Amino acid sequence: MSLSLLRIGASALIATQRAVETAGHNVANATTDGYTRQRVNTTTAPPTPGTPGLDGGGERGGGVVVVSVDRLRDGLADLAFRAQAGAAGSWAAQAQVLDQAQQVLGPFGAGLPAAVSEFWAAWDQLSLAPADIASRQAVLDAGTTVAQWLRDASASLGRLAADSASRLAEGAVEVTRLAAEVASLNQDIATAVSGGQAPNDLLDRRDALVDQIATLTGATVRESDLGMVDVYVGGIALVRGHRSETVQASATALTVAGTPLPSGGRLGAYSGLVTTTLPSLAADLDALATGLRDTVNAAHAAGVDLDGATGNAFFAGATAATISLAPGLTPRDVAASAGGSAYDGNHALVMARLRAVPATGGQPFGDAVNALLGRLGGLAADAASRAGAATATVEHARLSRAAANGVSVNDEMVDLVRFQRAYEAAARVVTAADEMLDRIVNGLGLVGR
Amino acid sequence: MRVTDASFAMIARRGLEQSLGRVQDYQARLASGRRIDRVSDAPGDAVRALRLRAEEADLAAYDRSASDALAWLGTADTALQSTSQVLRRVRDLALAGGNGALDPAAREALATEVDALRDELLALANTTYLGRPVFGGFGTAAVGQVAGAWAYAGDAGQVLRQVSADATVRVDVDGRAAFGFAPGDTNMLALLDTIAADLRAGATTALGADVAALDARLDAVGGALGEVGVRTARVEATRERGLARTADARDVRTTLEDADLADTVLRLSQAQAGYEAALATAARANLPSLAQFLR
């Protein structure tokens with residue numbers, strides 16, 4: 001009887017001790033990033049049958065037993081966070097690159113649009129003094145500036161694409177590393193779980209790594225057996241149990257064993273930029289350059305230069321990256337004359353009137369440049385606002401997660417007090433059992449002694 | 001929802017970040033004076049502003065051309081007025097010489113004046129603006145001597161100026177029509193030579209015919225003056241419209257591009273007040289926990 005009381009008291013001491021330890025562990029990790037609070041899960045110990053007629057029959061309580069130390073993780077909050085993290089990462093990357101892309105044509109109010117206006121104005125100015133070499137040189141200079149802006153814009157877009165591609169490559173290495181770590185943690189966790197342990201701290205570490213993978217690739221997580229998780233991007237597995245895949249980067253996308261991953265997360269954004277957005281912008285820029293070159297050259301060839309020659313080309317180069325003044329073009333070669341006289345500036349007027357002639361996509365060159373700027377600005381503004389919205393959502397999800405999983409010092413203090421009192425009470429029970437046993441052991445059978 | 005230390009700290013940090021971000025935005029706008037720093041700040045307004053900038057640049061170019069055009073036309077006008085005056089003087093001299101009662105010395109004096117006036121007409125016909133002959137098209141001079149006879153030394157070119165997007169104006173004057181160098185006409189210089197000779201010879205009948213020819217020359221010059229007047233008025237009107245349009249465009253553009261100072265200052269002080277409130281709250285949020293009350 002007392003022995004079982006002793007055993008009951010001992011079980012209480014062990015359980016409350018474990019509970020106090022857990023509360024202490026929680027308090028110690030209150031500021032640890034990614035830590036999930038733990039709580040002791042106890043239940044009544046298996047009862048033993050009583051003896052009817054002697055100690056009342058029924059079941060005799062056996063004390064308390066610690067079933068497990070639970071990790072109070074809110075799985076839904078995790079799901080919500082990871083779903084948003086991929087989108088937020090993607091939009092943030094796009095907003096950053098597109099913001100740089102809209103600057104390639106120069107600062108607002110200066111840059112290519114201003115250079116284009118100057119070019120037409122230089123022809124107007126030339127019509128006032130067609131034989132003046134300085135005015136002719138001014139036309140060449142204005143044309144050079146326009147070509148220079150187009151070349152610089154093309155080069156900048158190329159650099160942005162190269163940047164994005166190299167970040168994609170770096171990302172592939174990072175994702176591979178993270179996946180390998182998750183796989184190894186999976187292995188350790190499975191070993192612990194099959195041994196009946198609850199590897200709470202390993203689970204926390206793995207969750208942090210999976211968060212990073214989700215932000216980078218928009219990956220989703222599927223629970224597997226023995227506490228392991230499988231990480232998928234679209235339908236392609238990055239981690240399956242204790243095996244992880246190597247992620248590589250092609251020029252335009254992440255691949256696993258040659259199959260491209262569906263676009264998602266930060267790296268998906270870089271992939272989309274390199275594959276679609278940036279090439280499309282570069283193509284628009286090329287169309288601008290060829291439109292300008294063709295319109296100007298066609299008109300210029302019809303005019304007469306200072307030496308009486310006709311058919312001079314003004315611009316040369318096939319793309320925005322290569323457009324320039326025609327090689328060897330001198331001030332004397334500028335075709336300002338309509339009728340051939342050196343003092344005839346009427347063809348310069350024709351050249352200036354090109355400001356209203358359709359050059360690219362049915363629009364005059366200046367309007368086409370503004371349209372491209374509008375498109376760039378619209379893309380950047382859209383990405384920025386979506387990034388803002390996505391970041392706000394992610395922050396909210398992060399907050400919910402911190403609220404669900406985090407440590408509240410007040411909670412732990414209450415638990416601490418509670419279990420401390422319970423420990424004291426359990427100690428009293430042990431003392432009572434001890435005294436009773438003492439009576440039995442040392443006092444029984446010594447009648448009258 | 002539970003409140004944990006982590007969530008508490010997160011909210012405080014995020015609040016501070018957001019309000020400081022707002023302060024930074026308005027400060028940047030105030031410092032630059034611009035509402036649109038890049039196209040993405042307001043894509044629709046930015047594209048309109050760019051279009052207006054292009055229009056302003058074009059209008060400035062047209063204005064320079066219009067200025068130049070007015071200078072040309074003014075020069076032509078002055079020269080033609082002077083030519084008209086000279087021709088009228090010659091007419092008076094010819095009429096005076098037609099009076100048969102003059103003696104040779106008097107007629108010689110008249111003829112000498114006509115010679116001098118002919119030289120003046122030559123100079124007027126060759127009036128230049130910035131080195132270019134106003135009456136000679138694209139040539140180097142308007143009138144000269146070829147094999148001892150007065151001839152038109154210019155060409156058939158027209159000097160044009162673009163004074164607005166769709167208006168081109170001729171700013172020179174055709175010397176052949178104005179000064180009588182068209183085929184079948186007697187040019188005014190040859191006419192003056194004839195008058196001088198007739199005056200010296202006392203050929204009163206011939207002088208009568210000369211006066212009629214002078215009248216024809218005066219009409220031609222008057223016609224040219226009229227044309228110049230019309231063109232000048234047209235350029236001036238176009239220029240006025242251009243300047244008005246430039247002012248309008250600039251007004252609309254600055255409304256689109258520039259920050260409303262009063263509004264921005266107000267928003268900046270609001271944002272600053274918000275930031276200070278967030279700071280005060282974060283400081284006061286150092287609430288005691290249960291641990292401080294337990295023994």
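Protein chains get the first letters and strands the later ones, always in sequence-line order, with residue 1 at the start of each. Quantities reported herein were computed from a predicted structural model and do not represent experimental measurements.
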In terms of heavy-atom proximity below 4.5 Å to chain B, should A:E412 be classed as side chain, backbone, both, or neither?
neither
Pick one of side chain, backbone, both or neither for A:D411, based on which atoms fall under 4.5 Å of a heavy atom in chain B.
side chain
Mark yes or no for whether A:N410, through its side chain, and B:L290, through its backbone, hold a donor-acceptor pair below 3.5 Å.
yes
Segment of A:V407 engaging chain B (4.5 angstrom heavy-atom cut-off)
backbone
Please look at A:V417 and chain B and tell me whether the side chain, the backbone, both or neither of the residue comes under 4.5 angstrom of a heavy atom of that chain.
side chain
Counting heavy-atom pairs under 4.5 Å to chain A, which of B:I11, B:D155, B:V171 comes out on top?
B:I11
Neighbour count above 12 (heavy atom, 6.0 Å) for B:F8 CZ:
no
Identify which part of B:D58 has an atom lying under 4.5 Å from any heavy atom of chain A, answering side chain, backbone, both or neither.
both
Is a side-chain N or O of B:T4 found less than 3.5 angstrom from the main chain of A:A402, in a donor-acceptor match?
yes
Under 3.5 Å, is there a donor-acceptor pair between the side chain of B:R2 and the main chain of A:G406?
yes
side-chain contact (heavy atoms from CB on, under 4.5 Å) between A:S127 and B:Q162: does it pass, once the steps are laid out?
CA-CA 9 Å; A:S127 75; B:Q162 186 96 35; over 6 Å; no
The interface call for B:R38 against chain A, heavy-atom contacts under 4.5 Å, is both
If every non-hydrogen atom of A:R353 is compared with every non-hydrogen atom of B:T168, which pair is closest and at what distance?
NH1-OG1, 3.5 Å
Which one of A:D33, A:D382, A:D99, A:N405 has the most heavy-atom pairs closer than 4.5 Å to chain B?
A:D99
Below 4.5 Å from any heavy atom of chain A, which atoms of B:E257 appear? Answer side chain, backbone, both or neither.
side chain
Turns out that what part of A:R375 lies under 4.5 Å from chain B's heavy atoms comes down to neither
Verdict with reasoning, A:L128 to B:S65, per side-chain contact (heavy atoms from CB on, under 4.5 Å):
CA-CA 7 Å; A:L128 305 184; B:S65 296; 4.1 Å; yes
Which atoms of B:I36 approach chain A - backbone, side chain, both or neither, heavy atom under 4.5 Å:
both
Sort A:A356 into side chain, backbone, both or neither according to what part of it lies under 4.5 angstrom from a heavy atom of chain B.
neither
Option in A:P113, A:A338, A:G109, A:A384 with maximal non-hydrogen atom pairs under 4.5 Å from chain B
A:G109
Of all heavy-atom pairs linking B:D37 and A:F108, the shortest is O-CB, 3.5 Å
Is the backbone of B:S40 close enough, under 3.5 Å, to the side chain of A:Q102 for a donor and an acceptor to pair up by distance?
yes
Report the C-alpha separation of A:N346 and B:F138 in whole Å, then their side-chain angles, then the decisive distance to 0.1 Å, and conclude whether the side-chain contact (heavy atoms from CB on, under 4.5 Å) test is met.
CA-CA 11 Å; A:N346 294 340; B:F138 296 130; 3.8 Å; yes
Taking side chain as everything from C-beta outward and backbone as N, CA, C, O, which of these in A:R401 sits under 4.5 Å from a heavy atom of chain B? Side chain, backbone, both or neither.
neither
Out of B:T140, B:D68, B:V47, which one racks up the most heavy-atom pairs below 4.5 Å with chain A?
B:D68
